[in-house]
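The structure displayed is predicted, hence computed values, not measured ones. In this chain, residues are counted from 1 in sequence order. Every heavy atom of this structure was used, including side-chain atoms; hydrogens, water molecules and symmetry mates were not.
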Amino acid sequence: MSGKITNVHPIRPPATPPPINETLAVLGSPIDQRHIRTRTQKSRNGEFKLDYVPRAVLTKCLHARVPGWTWELLEIKTIGEYVMVSGRLTIPAGSKTLTYDAVSSEPLNGVGARPIETAASSCLRRACALSGLGLELWLDH
């Protein structure tokens with residue numbers, strides 16, 4: 001085995017990204033229901049069901065809908081018993097770029113995934129929702 005990888009086709013943004021109105025329309029189209037997961041979330045008032053899209057699915061949606069997008073973590077810091085993450089989603093649209101900044105926090109003593117990873121994933125979800133991608137999950141049903 002030579003270790004050479006073949007048949008890899010990198011995702012390249014189109015020479016000219018679609019105009020802003022087309023970009024916003026494609027971002028705002030609903031995510032396929034088969035990708036939506038539900039988990040139980042604890043709060044001060046008890047437990048409730050939360051619908052979400054895994055970070056990997058959002059990433060695939062971004063690749064398919066708006067090639068050339070970028071995600072940047074701007075800041076990670078602790079505030080008391082919480083970790084706070086801020087990030088920026090940048091999307092090419094016509095001759096301009098759209099930027100969406102978001103913030104998320106997680107308790108440092110939480111159970112499950114590492115707090116920074118959880119906060120960063122949540123931050124990406126929030127920035128995607130600001131762009132219209134997955135926004136339907138944040139609306140009251």
Side-chain angles (χ1 to χ4, degrees), residues 1 3-141:
M1 186 170 213
K4 184 178 179 183
I5 299 174
T6 58
N7 295 328
V8 175
H9 303 284
I11 297 173
R12 292 190 182 112
T16 304
I20 291 176
N21 61 339
E22 288 179 28
T23 301
L24 293 174
V26 78
L27 284 166
S29 62
I31 294 175
D32 190 321
Q33 287 290 316
R34 66 191 165 119
H35 297 303
I36 297 172
R37 305 288 182 264
T38 303
R39 66 181 162 100
T40 301
Q41 181 77 28
K42 293 182 180 183
S43 74
R44 293 179 186 163
N45 301 326
E47 293 182 346
F48 61 95
K49 299 286 184 186
L50 177 69
D51 291 337
Y52 72 99
V53 176
R55 179 203 45 80
V57 172
L58 281 177
T59 301
K60 283 185 171 188
C61 286
L62 287 165
H63 282 313
R65 296 177 187 206
V66 286
W69 66 277
T70 60
W71 171 248
E72 175 185 8
L73 288 178
L74 301 173
E75 185 176 19
I76 301 170
K77 66 181 179 182
T78 56
I79 301 173
E81 297 296 316
Y82 288 83
V83 62
M84 187 277 301
V85 174
S86 64
R88 175 173 294 145
L89 175 63
T90 304
I91 298 170
S95 61
K96 301 181 186 258
T97 57
L98 305 172
T99 57
Y100 302 95
D101 290 358
V103 176
S104 184
S105 63
E106 286 291 322
L108 291 170
N109 60 357
V111 295
R114 294 182 181 137
I116 292 175
E117 292 173 10
T118 303
S121 290
S122 180
C123 190
L124 175 60
R125 280 188 201 84
R126 290 170 188 226
C128 286
L130 289 170
S131 77
L133 179 59
L135 180 59
E136 67 273 14
L137 298 174
W138 294 81
L139 302 174
D140 291 335
H141 298 288

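The structure places SG of C123 at 8.5 Å from CG of D101, a figure rounded to the nearest 0.5 Å. We find the OG1-CG distance between T38 and L137 to be 9.0 Å, quoted to the nearest 0.5 Å.
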message: For L89 and L62: C-alpha separation, side-chain torsions, deciding distance, then whether side-chain contact (heavy atoms from CB on, under 4.5 Å) applies.
response: CA-CA 10 Å; L89 175 63; L62 287 165; 4.1 Å; yes
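Side-chain atoms of V103 and R126, non-hydrogen and from C-beta on, never get closer than 4.5 Å to each other. Looking at P17 and T23, their side chains never come closer than 4.5 Å, going by heavy atoms from C-beta outward. Here the side chains of L24 and L98 are in contact, with some heavy-atom distance below 4.5 Å. The side-chain heavy atoms of T118 and V83, taken from C-beta on, include no pair separated by under 4.5 Å. Counting only heavy atoms from C-beta outward, the side chains of V53 and L133 never approach each other to under 4.5 Å. Side chains of R65 and S29 form a contact here, defined as non-hydrogen atoms less than 4.5 Å apart.
With sequence neighbours excluded, the residues satisfying salt bridge (charged side-chain N to carboxylate O under 4.0 Å, His left out) with R34 are D32. Remark: E117 pairs with R114 by the side chain to side chain donor-acceptor pair (under 3.5 Å) rule, at least two apart or across chains.
In this model, no donor atom of one side chain and acceptor atom of the other lie less than 3.5 Å apart for S104 and R125.
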Which side-chain N or O atoms in residues 68-76 pair as donor and acceptor under 3.5 Å with protein atoms at least two apart or in another chain?
| residue | atom | partner | partner atom | Å |
| --- | --- | --- | --- | --- |
| W69 | NE1 | H63 | ND1 | 3.2 |

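Using a distance-only test at 3.5 Å, with no hydrogens or angles considered, a donor-acceptor pair links the side chain of S131 to the main chain of C128.
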